[in-house]
Amino acid sequence: MRCFRHIAAASALLASNANATLQIVPGATWTATNTGKHIQAHGGGIIQVGSTYYWVGEDKTDGSAFQNVNCYSSTNLVEWKYEGALLSRTSSGDLGTNRVVERPKVIYNKSTKKYVLWMHIDSSDYKEAKAGVATGDTVCGKYTYIGASQPLGFQSRDMGLFVDDDNKAYLLTEDRANGLRIDLLSDDYLSVKQATYIWKDSIEAPAVIKKNGVYFMFGSTLSGWDPNDNKYSTATNITGPWSAWKTFADSGSKTYSSQTNYILPVGKSFMYMGDRWVSSNLMRSTYVWLPLTISGTTASMKNAVNWIVDASSGSMTAGPDENTYEGESATLAGGAKKVSCSGCSGSNAVGYIGGSDNGAVTFSNVQSSATTRTSIRVKYLNGDSSQRFAEASVNGGATQRIAFVPASGDPNSSVLNVDLKSGTNTIKISTTGGAWGPDVDRLMVPQS
């Protein structure tokens with residue numbers, strides 16, 4: 001995939017960036033700051049409270065069956081701290097063993113002063129097709145599950161939420177038999193009041209935003225876990241009429257191998273949030289977040305290898321140019337050694353990091369003129385079916401644990417967020433306790 005800065009047709013939304021800073025890397029392993037594990041918030045959405053963003057999504061650590069609805073927090077949209085589970089598996093009932101709980105979204109009711117969580121509730125064969133609701137007193141605290149039903153007697157699977165300027169809230173719900181629905185919620189947001197609009201088209205993964213009086217509904221056609229060219233429809237009244245569906249990403253890109261789950265307003269800008277599902281191992285599914293351009297009644301989006309968002313202003317800029325540091329050219333210690341890798345740059349990587357011989361790789365003479373905290377892309381391979389982990393140390397400082405979800409063939413990226421000094425730096429990657437780390441292909445380090 002091409003980096004956004006190389007796409008001449010890109011709009012001014014992604015202007016060049018003078019100083020390296022924290023970057024969003026679509027499709028990479030994103031490690032939670034306090035767990036050292038790949039973030040588990042699939043099919044989720046984000047709610048902003050003050051200057052903090054809270055990301056609520058599905059825990060797929062052990063597969064498709066319900067485990068937890070997780071919550072993470074961030075002030076910069078790049079570094080995420082695990083706060084806990086809003087709901088967890090129970091011994092029986094809607095949240096019991098082998099149940100489906102998907103697409104959780106949280107909104108705040110100003111009148112009741114409650115946080116309201118809606119989610120898809122189902123049996124393992126997806127035949128119940130219900131929407132469930134829960135409430136909480138704090139955004140990332142424990143929620144009380146109320147129950148689930150088919151809204152207005154209709155099936156409900158993929159779902160989303162939207163709160164309009166007048167504080168009316170809507171459930172966006174995919175009714176496989178009848179089409180995509182917008183349903184008005186009650187004043188307390190705890191039940192469905194009436195139907196607002198129905199598309200007869202087969203669209204799932206719904207998300208709605210509003211800009212300058214124009215509503216945008218985003219969603220995907222039905223292709224199981226596989227991605228497709230997602231679409232959008234517009235209207236000047238939420239009750240319709242709505243326009244014909246159009247694509248917003250490059251045609252044939254399958255929305256850059258992702259599926260819509262949420263559109264986040266950031267300042268006056270918008271960020272697309274998509275899932276890159278891996279149906280054979282849902283834990284290792286990753287997240288594709290990209291700037292979304294809204295102009296009049298048109299939505300458009302280009303791909304990016306990495307990019308920068310200012311979580312306060314909403315400014316979205318291209319990622320910086322990067323210097324490459326090859327693993328096989330670094331200093332190897334312990335049992336670490338060069339291994340063949342057909343998909344790697346130079347056809348080699350560093351393997352046997354960790355283990356009983358404490359293999360390690362040290363990259364010296366890493367140059368940077370960065371003046372702020374920045375993101376490094378660690379290109380790697382992991383042939384296991386589970387995460388591997390490594391400890392990264394910069395300039396001899398404290399170690400930081402980073403995760404590496406399974407990746408074979410072409411190397412994937414894991415994001416390492418660090419403080420570099422201007423000039424020469426040293427980065428060491430190792431493990432503890434004799435565990436095996438990833439095979440490291442190279443480091444991609446911002447130049448400035």
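Keep in mind it's a predicted model, so treat the numbers as computed, not measured.
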State whether [X] and [Y] are salt-bridged, where the test is any N-O pair (Lys NZ or Arg NE/NH1/NH2 against Asp/Glu carboxylate O) under 4.0 Å.
{"X": "E102", "Y": "R157", "result": "no"}
{"X": "D165", "Y": "K210", "result": "yes"}
{"X": "K254", "Y": "D229", "result": "no"}
{"X": "E174", "Y": "R176", "result": "yes"}
{"X": "E79", "Y": "R373", "result": "yes"}
{"X": "R99", "Y": "E128", "result": "yes"}
{"X": "K114", "Y": "D137", "result": "yes"}

Could you walk me through whether S220 and T260 satisfy the side-chain hydrogen bond (donor to acceptor under 3.5 Å, both in side chains) test, starting with their C-alpha distance in whole Å, then the side-chain angles of each, then the deciding distance to 0.1 Å, before giving a yes or no? CA-CA 7 Å; S220 91; T260 302; over 6 Å; no
Within this structure, what is the [atom1]-[atom2] distance for the pair [X] and [Y], rounded to the nearest 0.5 Å?
{"X": "L171", "Y": "K193", "atom1": "CG", "atom2": "NZ", "result": "15.0 Å"}
{"X": "H42", "Y": "T61", "atom1": "NE2", "atom2": "OG1", "result": "7.0 Å"}
{"X": "E83", "Y": "N70", "atom1": "CD", "atom2": "CG", "result": "11.0 Å"}
{"X": "Q387", "Y": "N281", "atom1": "CD", "atom2": "CG", "result": "9.5 Å"}

Would you tell me whether [X] and [Y] have side-chain atoms, one donor and one acceptor, within less than 3.5 Å of each other?
{"X": "W277", "Y": "Q259", "result": "yes"}
{"X": "S186", "Y": "S191", "result": "yes"}
{"X": "Y380", "Y": "T29", "result": "yes"}
{"X": "D384", "Y": "S386", "result": "no"}
{"X": "S73", "Y": "T52", "result": "no"}
{"X": "N98", "Y": "S124", "result": "no"}

Quick one: does [X]'s side chain have a donor or acceptor within less than 3.5 Å of a partner on [Y]'s backbone?
{"X": "Y53", "Y": "A311", "result": "yes"}
{"X": "T138", "Y": "G141", "result": "yes"}
{"X": "Y143", "Y": "L117", "result": "no"}
{"X": "R276", "Y": "S257", "result": "yes"}
{"X": "T236", "Y": "V214", "result": "no"}
{"X": "N425", "Y": "K421", "result": "yes"}
{"X": "R89", "Y": "F66", "result": "yes"}
{"X": "Q48", "Y": "G50", "result": "yes"}
{"X": "R103", "Y": "M159", "result": "no"}
{"X": "Y256", "Y": "M301", "result": "yes"}

Considering only heavy atoms from C-beta outward, does the side chain of [X] approach that of [Y] to under 4.5 Å?
{"X": "V445", "Y": "Y325", "answer": "yes"}
{"X": "L222", "Y": "E204", "answer": "yes"}
{"X": "L185", "Y": "V192", "answer": "yes"}
{"X": "V309", "Y": "W307", "answer": "yes"}
{"X": "P206", "Y": "L180", "answer": "yes"}
{"X": "V100", "Y": "S123", "answer": "no"}
{"X": "L264", "Y": "L77", "answer": "yes"}
{"X": "D250", "Y": "K302", "answer": "yes"}

Checklist line | I263 and M271: CA distance, side-chain angles, deciding distance, side chain to side chain contact (heavy atoms under 4.5 Å, CB included) verdict | finding: CA-CA 6 Å; I263 308 296; M271 183 177 78; over 6 Å; no
- Query: Name the one of W55, W30, Y72 that satisfies ring-ring contact (aromatic ring centres under 6.0 Å, His included) with W80?
  - Reply: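 Looking at W55, W30, Y72, the match for W80 under the ring-ring contact (aromatic ring centres under 6.0 Å, His included) is W55.
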Do [X] and [Y] make the cut of ring centroids closer than 6.0 angstrom?
{"X": "F404", "Y": "H38", "answer": "no"}
{"X": "Y232", "Y": "W242", "answer": "no"}
{"X": "F248", "Y": "F218", "answer": "yes"}

Which heavy atom in [X] sits nearest to a heavy atom in [Y], and how many Å separate them?
{"X": "T255", "Y": "N230", "answer": "OG1-N, 2.8 Å"}
{"X": "S375", "Y": "N417", "answer": "OG-OD1, 2.6 Å"}
{"X": "F216", "Y": "I294", "answer": "CZ-CG2, 3.5 Å"}
{"X": "D275", "Y": "G43", "answer": "OD2-N, 3.0 Å"}
{"X": "P446", "Y": "I376", "answer": "CD-CG1, 4.4 Å"}
{"X": "D94", "Y": "A148", "answer": "OD2-CB, 3.5 Å"}

ask   = So Y215 and D164, side-chain hydrogen bond (donor to acceptor under 3.5 Å, both in side chains) or not? Walk me through it.
value = CA-CA 10 Å; Y215 297 88; D164 210 340; 2.5 Å; yes
Between V415 and T31, is a side chain to side chain contact (heavy atoms under 4.5 Å, CB included) present by the stated rule, with each step listed?
CA-CA 7 Å; V415 181; T31 306; over 6 Å; no
Next on the checklist: For R377, run the side chain to side chain contact (heavy atoms under 4.5 Å, CB included) check against L416, V305, L443 and tell me which one passes.
Outcome noted: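 Single side chain to side chain contact (heavy atoms under 4.5 Å, CB included) partner of R377 among L416, V305, L443: V305.
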Here's one to test your reading of the geometry: is the NZ or CZ of R181 within 45 degrees of the ring axis of F154 and under 6.0 Å from its centre?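 Here R181 passes the 6.0 Å and 45° test against F154.
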Checklist line | Residues N323, Q447; criterion side-chain hydrogen bond (donor to acceptor under 3.5 Å, both in side chains); working and verdict | finding: CA-CA 6 Å; N323 290 325; Q447 293 179 3; 3.2 Å; yes
With side chain to side chain contact (heavy atoms under 4.5 Å, CB included) as the test, would you mind laying out the steps for L22 and T374 before giving the verdict? CA-CA 4 Å; L22 295 170; T374 194; 5.8 Å; no
- Task: For atom CG of D201, decide whether the heavy atoms of other residues, nucleotides or ligands shown that lie under 6.0 angstrom number more than 12.
- Result: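 Enclosed: over 12 neighbouring heavy atoms sit under 6.0 Å from CG of D201.
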For the NZ atom on K211, are there more than 12 heavy atoms of other groups (residues, nucleotides or ligands in this structure) within a distance under 6.0 Å?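 Yes, the 6.0 Å shell around NZ holds more than 12 heavy atoms from other groups.
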Could you go step by step and tell me if T221 and N228 meet the side-chain hydrogen bond (donor to acceptor under 3.5 Å, both in side chains) rule? CA-CA 7 Å; T221 54; N228 55 62; 3.2 Å; yes
Could you go through Y197 and W199, starting from their C-alpha distance and side-chain angles, then the distance that decides it, and tell me whether this counts as ring pair (Phe, Tyr, Trp, His ring centres under 6.0 Å)? CA-CA 7 Å; Y197 190 81; W199 285 267; 4.8 Å; yes
